[in-house]
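Just so it is clear, the structure is predicted and the values come from calculations on it, not from any experiment. Each residue takes its place number in the sequence, starting with 1.
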Amino acid sequence: MFPLKDTVMGASTFFASALPHDVCGSNGLPLTPNSIKILGRFQILKTITHPRLCQYVDITRGKHERLVVAAEHCEKSLEDLLRERKPVRAPQKRE
């Protein structure tokens, strides 16, 4: 397979839902903020690599449950390529 071409870097901003300030777990300790849970789960996405997939690069947590995700992306989608009638499969090797 050939690696993706024409990928660029981008950033997306998300806001995790905030927990009420006076909520505690059954053990009496404060609950873990949702942004921290997302940050931990995101680490798995960073490990996924494949020549035909754009890759998640990093995530940063800001104030007020704000998350910024840096990732590769392609300017053209699969739908765009199909409209242009360009092949989306790599050519087969001849023997």
Any idea which heavy atoms bring [X] and [Y] closest together, and the distance?
X     : Y     : value
Cys54 : Thr7  : SG-CG2, 4.3 Å
Asn27 : Leu29 : OD1-N, 3.0 Å
Leu39 : Gln43 : O-NE2, 3.0 Å

Could you tabulate the donor-acceptor pairs under 3.5 Å formed by side-chain atoms of residues 8-20, not counting sequence neighbours?
from	atom 1	to	atom 2	distance (Å)
Ser17	OG	Asn34	ND2	3.1

Can you pull out every salt bridge (charged side-chain N to carboxylate O under 4.0 Å, His left out) where at least one residue sits in residues 38-50? Sequence neighbours excluded, please.
Lys46-Asp58
Test Thr60 against Leu67 for side-chain contact (heavy atoms from CB on, under 4.5 Å), laying out the working first.
CA-CA 6 Å; Thr60 304; Leu67 297 164; over 6 Å; no
Listed by chain and number, what are the salt bridge (charged side-chain N to carboxylate O under 4.0 Å, His left out) partners of [X], not counting sequence neighbours?
X     : result
Lys37 : none
Arg66 : none
Glu79 : Arg83

Contacts of Phe42 meeting ring pair (Phe, Tyr, Trp, His ring centres under 6.0 Å) (sequence neighbours excluded), chain-then-number -> Tyr56
Are Leu53 and Ile59 connected, step by step, through hydrophobic side chains (Ile, Leu, Val, Met, Phe, Trp, Tyr) whose heavy atoms are closer than 4.5 Å?
yes
Quick check on the hydrophobic clustering: are Leu45 and Val69 connected, directly or via other members, by side-chain heavy-atom contacts under 4.5 Å?
yes
Rounded to the nearest 0.5 Å, how far does NZ of Lys76 lie from NE2 of His73?
14.5 Å
Within the structure provided, determine whether Ser35 and His64 are in side-chain contact (heavy-atom separation under 4.5 Å).
no
Without swapping roles, check the side chain of Glu72 against the backbone of Gln55 for a donor-acceptor pair under 3.5 Å.
yes
